> 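One structure is given below, represented as C-alpha cells, and several questions about it will come after.
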There are 2 protein chains.
Amino acid sequence: MNYARPTAAYAHVKLFLKTGLAEGRWAPGSLMPSEAELVEQFSVSRMTVSRAVRELQAEGLVERVQGVGTFAAQPYRASSTLTIRDLHTEISERGHRHRADVQLVQAETVAAGGLAQRLGLPVGSDVFHTLIVHYEDDVALLCEDRYVNPSRAPDYLSVDFTKTTPTNYLLAVAPLWEAQYSIEAGTPTVQEAQLLGIEPADPCLIIVRRTESQGTPITVARLVHPGSRYTIEGSFKP
Amino acid sequence: MNYARPTAAYAHVKLFLKTGLAEGRWAPGSLMPSEAELVEQFSVSRMTVSRAVRELQAEGLVERVQGVGTFAAQPYRASSTLTIRDLHTEISERGHRHRADVQLVQAETVAAGGLAQRLGLPVGSDVFHTLIVHYEDDVALLCEDRYVNPSRAPDYLSVDFTKTTPTNYLLAVAPLWEAQYSIEAGTPTVQEAQLLGIEPADPCLIIVRRTESQGTPITVARLVHPGSRYTIEGSFKP
DNA sequence: CAGTGGTCTAGACCACTCG
DNA sequence: GAGTGGTCTAGACCACTGT
C-alpha cells in the first residue's frame, strides 16, 4: 500500500535542506544546520541525518568540513551525467540497423610523439590501430580512428569488428574506465570526408577520448561525426 | 600524503567489490554477494556493508532489487561529470579578460510555436530576449541568444550584462537548475557569423540548453561557439 | 575545551521476491 | 517461509577545528 508521502526519514531531511537551498535560505558559503540541530528538529537519529547530508554532499550541494560544519555549496557548477554509450546499442534502440565498415586493422610501430606518451608505450613498440566507419541504416554516422595498447587487449586484432564494436570489446576486456575527452566542432580530414561521404568543409563533431583502466592507458580514439547527422543530448539535475 | 592505512571499514568493502568488478569476478548482470555474506566475510555490521553497496549503486556499478539481490551492472554506460560553468569565471581563471557586447535586450511577444511551449508561456505573452557576444581578450568566443521566462526573473531586462552574465544572474535568481541540452556541430546563421567575425561556413559548436527550476521553465539559450576557438573538455570515472 | 563531522555497532522492523 | 534489500535507532569512539 502506498501512503501519500511516506518518504523515508532521511529523505525528509534531505528534502528540507534541498528546498531550503533552492529558496536561497542558506546563501552559498554560509553555515547550515549542524547534524545535532537536525536530529533535534526532525526527531531522528544522527545516522539518519548523516545519510541525508552525506548524499547532498555527494550531489555537490553542500560542503562539509570536519570539526567546523556544513556549508551551502557555491552553485557555480551544475554537474551533469553525460552518458557514453556503445554506438551499436544506441542505434539498435532507435530500431535501426548498425553496420561497421572496417577500413583498417593492423599493428603498427609507435613513433615518437604524443601517441606513445598518451598510451604509456615506449617508442618503437607495437600499437594496434583500427579505422572503422559506422553506418546507421546505410548512412555514415561516425568515423572511428583508434589506437589501442596491446598489453591490455592482446586479442584486439582478431576481433570481428563487424559484429562487435571496439567500445564494446574494450569494455569487456577492461571494465571500469576512466576517461578524458574533448569535444569540439571542426572539419574532417580529406580521408575522413571521403569515408563519411561528406564535403571536407562540412562541420563535424569531433570527440577525442583517452581511456585508462586501473591506471593503465587503454586506448585513444578520434571520433568524427558529421554535424548534420549526430547530436549529443543529455540533461543534468543538481 | 599517506594513502596506505586501511581506511574506513565501509571503504574496505567497497574496494573489495570495486576491484572484483574491475577484474571481471562478477560478470555483468550476475548475482553478487548479499549483504549478509559481506557482513560475515568482513566482520562488520550490516549498516557498514549497506553503505558500501549503496555508494556503488549510486555510482552505477551495481544494481539492487529488493527481495532479490545485488547485481553487477551492465557496463554499457559510463557516467561523466560535465561541468557547466559561468563563462566569465572560466575566462577569468585563465587569466584573461572577459567582455560582453550586448546586442539586444528587450521584451517581445511570444509567437506560437516551439518557444512558447518550451518556456511554458501562453501565446501572446511577454518574453525577455537577449543577444550577447562574449569576448575573451577581444576574441569573440560565444554568441548567446537567450529567451527568459519573465515570471521567474522579472528584473532580467534591467541587469547590466556587461558586468554580470545571464548565466550568473539566473543562477542567483533561481538556483538548483535542471537542464536539458544538446550539443552539435553546425554552421552559424549569417547574423551570428557576422557578430563572431567568422565565415558563415566555419564550423561551430552549437549548444541548445533549456533550464528549469523547480518545475518552472526558466530559459532557453542557443550558444554558438566558433569551433576553432572553443573546446569542451572533461573526464569521467566509473 | 566544546562543537563539529566521520564512522561504527548490534540489534530491529519492514517491504519485497521467489519457490 | 526464507532470503533479500531499505530503513532506522541509541548509543559510542574518534579526528578534527575553533576559542
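Order of the sequence lines sets the chain letters (A, B, ...), proteins ahead of strands, with each chain counted from 1. Computed from a predicted structure; not experimentally measured.
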> Rounded to the nearest Å, what distance is computed from the CE atom of residue A/Met47 to the P atom of nucleotide D/dG11?
15 Å
> Which residue lies toward the 5' end of DNA chain C, B/Ser43 or A/Thr70, if each is placed at its nearest nucleotide?
A/Thr70
> Can you check the A/Gln66 CD to D/dC13 C1' distance for me, whole Å?
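Spelled out: CD on A/Gln66 to C1' on D/dC13 is 12 Å.
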> Can you tell me if the side-chain N/O atoms of B/Arg54 get under 4.0 Å from OP1 or OP2 in D/dG6?
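No, outside the criterion.
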> For B/Glu40, is the CD atom crowded, meaning more than 12 foreign heavy atoms sit under 6.0 Å from it?
no
> Can you tell me how far C1' of D/dG5 sits from CG of B/Leu38, to the nearest Å?
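In whole Å, D/dG5 C1' and B/Leu38 CG are 12 Å from each other.
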> Let's see if you can work this out: which of D/dT4, C/dC18, C/dG5 has an atom nearest to the side-chain heavy atoms of B/Ser34?
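Side chain of B/Ser34 sits closest to D/dT4.
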> Rounding to a whole Å, what distance do you find between B/Phe71:CZ and D/dG3:C1'?
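Spelled out: CZ on B/Phe71 to C1' on D/dG3 is 12 Å.
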> Rounded to whole angstroms, how far apart are CZ on A/Phe42 and P on D/dT9?
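The distance from CZ of A/Phe42 to P of D/dT9 comes to 12 Å, rounded to the nearest Å.
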> How close or far is atom C1' of D/dT4 from atom CZ of B/Arg46, stated in whole angstroms?
8 Å
> Can you tell me the distance, in whole Å, between the CD atom of B/Glu37 and the P atom of D/dG5?
8 Å
> Under 6.0 Å between ring centres, would you say that holds for A/Tyr156 and A/Tyr147?
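No, they do not, as the ring centres are separated by 6.0 Å or more.
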> 5'-most contact on DNA chain D: B/Pro33 or A/Ala11, nearest heavy atom basis?
B/Pro33
> Taking atom CD of B/Gln41 as the centre, does the number of heavy atoms from other residues, nucleotides or ligands within less than 6.0 Å exceed 12?
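Yes, because the 6.0 Å sphere around CD of B/Gln41 holds more than 12 heavy atoms from other groups.
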> Nearest heavy atom decides the nucleotide; on that basis, is A/Gly69 or B/Thr48 closer to the 5' end of DNA chain C?
A/Gly69
> Select base, sugar-phosphate, or nothing to describe what B/Val53 touches, counting heavy atoms under 4.0 Å on all strands.
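No contact.
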> Take the protein atom CG of B/Leu31 and the nucleotide atom P of D/dG3, then report the distance between them rounded to whole Å.
14 Å
> Where do A/Glu144 and A/Arg146 land on the salt bridge (charged side-chain N to carboxylate O under 4.0 Å, His left out) test, with the steps shown first?
CA-CA 6 Å; A/Glu144 173 190 13; A/Arg146 182 182 292 274; 2.7 Å; yes
> Please check if atom NE2 in B/His88 has more than 12 non-hydrogen atoms from other residues, nucleotides or ligands closer than 6.0 Å.
no
